[in-house]
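Worksheet for the structure shown next.
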Amino acid sequence: MYKDEDIGKRKTEAIINNVLKRTKIRTIDREVKEPDDLSNIDFENMNIIVNCADKPRDIEYIIARFCEHYNIPFVSASVGIETGTWGPIYDESNKFPYNNLNLFTHGINGSISPTNSIIGSFLAYDVFIYLFN
């Protein structure tokens, strides 16, 4: 997925250029601290938001508030040195659990390739199943 010439590029840019050339993917490169930071982005015809941002610590809560307002399904994933998480996909039938926010405020200190690959594969599988079922 990555080549030597990808060093210094954003992960999303490298993946799109190397793997997903014929897939319509829109990346957003901006700092997000609150839902309003996403409000001036054109999300028309968007099928799902895949959140893989590392910060701020409450990024999943921020994304959830935004997606709920615009009725856009979303999923988050994160990896660490020894662990990783992905899912579930939140939508109309599976609402984000705002009453348990401490589940969604962990920090990431680093990651390694095997963990990234495993979590990324599971995440991609779940998104494809969600979109094409």
Side-chain angles (χ1 to χ4, degrees):
M1 281 200 259
Y2 298 105
K3 302 174 184 173
D4 288 342
E5 55 265 23
D6 294 326
I7 294 173
K9 292 181 182 176
R10 296 198 166 277
K11 294 179 280 189
T12 51
E13 178 185 347
I15 292 294
I16 290 170
N17 291 336
N18 297 334
V19 180
L20 303 170
K21 294 177 184 175
R22 294 187 298 191
T23 304
K24 186 177 178 185
I25 294 177
R26 182 167 177 218
T27 63
I28 300 164
D29 183 13
R30 71 169 48 169
E31 188 171 5
V32 176
K33 293 183 178 179
E34 58 186 46
D36 285 346
D37 293 335
L38 298 169
S39 63
N40 64 347
I41 297 168
D42 179 20
F43 284 99
E44 190 172 319
N45 300 319
M46 186 164 295
N47 299 95
I48 192 167
I49 290 178
V50 178
N51 168 42
C52 296
D54 296 332
K55 54 186 176 181
R57 292 177 71 88
D58 63 343
I59 187 66
E60 191 162 20
Y61 172 74
I62 293 167
I63 299 292
R65 285 181 38 211
F66 176 82
C67 288
E68 186 172 77
H69 179 76
Y70 290 96
N71 196 28
I72 302 170
F74 83 97
V75 62
S76 293
S78 63
V79 294
I81 299 294
E82 298 175 351
T83 63
T85 63
W86 78 98
I89 296 174
Y90 295 107
D91 60 11
E92 280 290 307
S93 63
N94 184 34
K95 298 289 188 181
F96 182 80
Y98 290 100
N99 60 340
N100 203 355
L101 291 182
N102 55 341
L103 289 175
F104 308 102
T105 57
H106 60 282
I108 302 297
N109 295 322
S111 64
I112 58 174
S113 296
T115 308
N116 296 352
S117 296
I118 293 167
I119 298 303
S121 295
F122 284 129
L123 172 64
Y125 176 81
D126 285 354
V127 169
F128 283 120
I129 294 297
Y130 179 83
L131 292 175
F132 296 108
N133 261 347

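Just the heavy atoms: all of them, side chains too, but no hydrogens, waters or symmetry mates, feed the values below.
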* To do: Applying side chain to side chain contact (heavy atoms under 4.5 Å, CB included), run through Ile49 and Phe66 and close with a yes or a no.
  => CA-CA 10 Å; Ile49 290 178; Phe66 176 82; 4.2 Å; yes
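Atom CZ of Phe122 has 12 or fewer heavy atoms from other residues, nucleotides or ligands within 6.0 Å.
Judged purely by atom type and a 3.5 angstrom limit, Tyr98 uses its side chain to pair as donor or acceptor with the backbone of Ala64. A donor-acceptor pair under 3.5 Å is formed between the side chain of Asn94 and the backbone N or O of Ile89.
Taking each heavy atom of Ile62 and Pro35 in turn, the nearest pair found is CG2-N, 3.5 Å. For the pair Asp91 and Pro73, the tightest heavy-atom approach, listed with the atom from each and the gap, is CB-CB, 4.0 Å.
From Glu34, atom CD reaches atom CG of Leu38 across 9.5 Å, with rounding to the nearest 0.5 Å. Note that CZ of Arg65 and CG of Asp36 are 8.0 Å apart. Values are rounded to the nearest 0.5 Å. Put simply, CD1 on Ile63 and CG on Asp58 are 10.0 Å apart, with the number rounded to the nearest 0.5 Å.
By the 4.5 Å heavy-atom criterion applied to side chains, Val75 and Tyr130 are not counted as neighbours. Using a 4.5 Å cut-off on side-chain heavy atoms (C-beta onward), Tyr90 and Pro97 make contact. Side-chain contact between Glu31 and Asp37 is absent, with no heavy atoms from C-beta onward closer than 4.5 Å. Residues Cys67 and Asn51 are not in side-chain contact: their nearest non-hydrogen atoms beyond the backbone lie 4.5 Å or more apart.
Under the 4.5 Å side-chain contact rule for hydrophobic residues, Trp86 and Phe128 share a cluster. Clustering ILVMFWY residues whenever any of their side-chain heavy atoms sit less than 4.5 angstrom apart, transitively, puts Ile48 in a cluster other than the one holding Tyr125.
The aromatic rings of Phe96 and Phe74 sit tilted relative to each other, their planes meeting at an angle between 30° and 60°.
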